[in-house]
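Note sheet for the following structure.
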Amino acid sequence: MSSTTSVRPLRVAIIGAGPAGVYAADILTKSQEVKGGDFEVSIDLFDQYPAPYGLIRYGVAPDHPRIKGIVTALHKVLDRGDIRFLGNVNYGRDLTLKDFRTFYDAVIFATGAVKDADLNIPGVDLEGSFGGADFVSWYDGHPDVDRDWPLDAKEIAVIGNGNVALDIARVLSKHADDLLVTEIPSNVYAALKKSPVTDVHVFGRRGPAQVKFTPLELRELSHSRDVDIVLYPEDFDFDEASEQQIASNNQTKTMVKTLTNWLVEQPEDPAEFTASRRLHLHFLHSPVEITDSPETPGKVANIRFERTRLNGSGSVEGTGEYLDYPVQALYRAIGYFGSELPEVGYDEQAGVIPNEGGRVIDESGNAVPGIYCTGWIKRGPVGLIGHTKGDALETIGYLLEDRLNLPPAEHPSEDAIINLLEDRGVRYTTWEGWLKLDSHEMKLGANYMHDDGSLPELVRERVKLVPREDMIAISRGE
């Protein structure tokens, strides 16, 4: 490190203020090297949205059982005052990589993965076929997503067996009034209130022992009022690999036990299901084709599956048996995928920034000095919050290892980047601005009433604000 950087704080920019970015900042500030006085660090945490928290605010169902705890933990980190939040700053538009390298000694990308993985089957582009990530963004009040969503289907298919698929199915099948305890935006509540849905079908390619959701997420399905869970005995097949997984993994054992208990306890006669809505869980179904009908050309009317069977290794193979399900809408929830970023390498197959342990590498496989990544843009969209912390710990470990050889920033002053943003007319937001917006959303909840002027049965804790311009104006006190 140059003599300049040895007598000033190490300047670090983190792009992305979701859990991955916040954890990276927190781990760096709490590192033994910083706490022991080896050097000081000055961190700016950037996000393209006016508010912090990333995927926790815009990618998790509002009734997710863990969301409040995660937000509370992230809030405590940012509220300490030793990490500066700069929101409504778009990488590649407002600031380039060259800008970041001019003002910071190190840059960490923590931009996550926000688009849907592809489902390559015929008919996927029909009207009524939706990306799960797009729907999640809508019901989470993403400021850059159209506020209207077509919810006119009675029968709906959700493709996927992960937590996102269950989130989508739960939101679609749940009665809108039961979501008022959450921060659900008013436009989302109004649309869900009018939904005519009666049946939501969740389909997975493999068996009950291979599902990717978690026990907490699964159990949450049973808490929905006036929604019957429907299971099918022919879907409960366990091969040798499944039995080994159940015996060796407590999470798998818990989920299989929950599912089999539901199966045993459910009525044998379909007529005995009494709820106004049904949530069907199907296993061993591989999607083959989505089709329209003569009555509704160009629109989703049916989805065909091939029945699969376990092959002894925990994977599946086709059986040659095909089943058709009439549906008027379909949601693809087979995974997220990372997006390419300007001026940074991109692995098109994995949807990540090429890296080794968080050190970004160039086309020749050499580490790019001062450039790092963490979270889903580093390892792909798999794993839970705990994995994100592990990612950040690894990445920060390499940054600390490299700190004496980082290319020093040309303009390391904390004021310099602010001056640049103001010179470019960027209406950036701050942590203090988020506290204003947070307070505003809490007041919206306390003062909430239905469109007809009637009051809800409970006082709402908050209502999420959607329009970006309003979020910026409130945050900036304009």
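- No side-chain N or O of Ser137 forms a donor-acceptor pair with one of Asp134 less than 3.5 Å apart.
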Worksheet item: Would Val211 and Thr252 satisfy side chain to side chain contact (heavy atoms under 4.5 Å, CB included), going step by step from the backbone distance to the final call?
Response: CA-CA 8 Å; Val211 294; Thr252 302; over 6 Å; no
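- The two residues Val466 and Asn187 make their nearest non-hydrogen contact at CG2-OD1, 3.9 Å.
- Within a 6.0 Å radius of CD in Glu272, other residues, nucleotides and ligands contribute more than 12 heavy atoms.
- Remark: the Arg332 side chain and the Ser129 side chain contain an N/O donor-acceptor pair separated by less than 3.5 Å.
- The aromatic rings of His285 and Phe305 sit perpendicular to each other, their planes meeting at more than 60°, with 30° as the lower class boundary.
- Closest approach of Asp237 and Leu310 over heavy atoms only: O-CD1, 3.1 Å.
- Side-chain polar atoms of Glu217 and His64 form a donor-acceptor pair below 3.5 angstrom.
- Remark: Lys389 is positioned above the aromatic ring of Tyr23, its terminal NZ or CZ atom under 6.0 angstrom from the ring centre and at most 45 degrees off the axis.
- Under the 30°/60° scheme for interplanar angles, the aromatic rings of His282 and His280 are found to lie parallel.
- In this pair, His201 and Phe203 present their aromatic rings parallel. The plane angle is below 30°, not in the 30 to 60° band.
- In summary, the side chains of Thr319 and Glu306 do not present any donor paired with an acceptor at a separation below 3.5 Å, with no hydrogens or angles considered.
- A donor and an acceptor atom, one from each side chain of Ser364 and Asn366, are nowhere located under 3.5 Å apart.
- Of the N and O atoms on the side chains of Asp226 and Ser276, at least one donor lies less than 3.5 Å from an acceptor on the other residue.
- Aromatic ring centroids of Phe85 and Trp434 lie 6.0 Å or more apart.
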Worksheet item: Yes or no on side-chain hydrogen bond (donor to acceptor under 3.5 Å, both in side chains) for Ser242 and Gln210, after CA distance, side-chain angles and deciding distance?
Response: CA-CA 7 Å; Ser242 300; Gln210 288 80 39; 2.8 Å; yes
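- Side-chain contact between Arg309 and Glu317 is present, with heavy atoms from C-beta onward closer than 4.5 Å.
- Residues Ala20 and Thr388 share a closest heavy-atom pair of CA-CG2, 3.4 Å.
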Practice prompt. Could you check Tyr189 against Asp177 for side-chain hydrogen bond (donor to acceptor under 3.5 Å, both in side chains), going step by step and ending with a plain yes or no?
Written response: CA-CA 8 Å; Tyr189 166 75; Asp177 285 348; 2.5 Å; yes
Worksheet item: Are Tyr372 and Val107 close enough, and set up right, to give a side chain to side chain contact (heavy atoms under 4.5 Å, CB included), and what steps lead you there?
Response: CA-CA 6 Å; Tyr372 303 86; Val107 181; over 6 Å; no
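- Here Leu86 contributes atom CG and Asp47 contributes atom CG; the two are 10.5 Å apart, rounded to the nearest 0.5 Å.
- The shortest non-hydrogen separation linking Arg170 to Ser224 is CG-OG, 3.9 Å.
- Atom CD1 of residue Ile334 and atom CZ of residue Arg205 lie 10.0 Å apart, to the nearest 0.5 angstrom.
- Between Phe109 and the choices Tyr91, Tyr346, Trp376, the ring pair (Phe, Tyr, Trp, His ring centres under 6.0 Å) rule is met once, by Tyr91.
- Asn447 and Arg460 share no donor-acceptor pair across their side chains, judged by distance under 3.5 Å alone.
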Practice prompt. Check step by step if side chain to side chain contact (heavy atoms under 4.5 Å, CB included) holds for His440 and Leu465.
Written response: CA-CA 9 Å; His440 179 82; Leu465 195 64; 4.2 Å; yes
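- Of all heavy-atom pairs between Ile290 and Val124, the closest is CD1-CA, 3.8 Å.
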Worksheet item: side chain to side chain contact (heavy atoms under 4.5 Å, CB included) between Lys299 and Gln328: does it pass, once the steps are laid out?
Response: CA-CA 8 Å; Lys299 296 182 179 181; Gln328 301 82 52; over 6 Å; no
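- Two rings, from Phe100 and Phe46, have their centers less than 6.0 Å apart.
- Relative orientation of the Trp149 and Phe130 rings is tilted, given thresholds of 30° and 60° on the angle between their planes.
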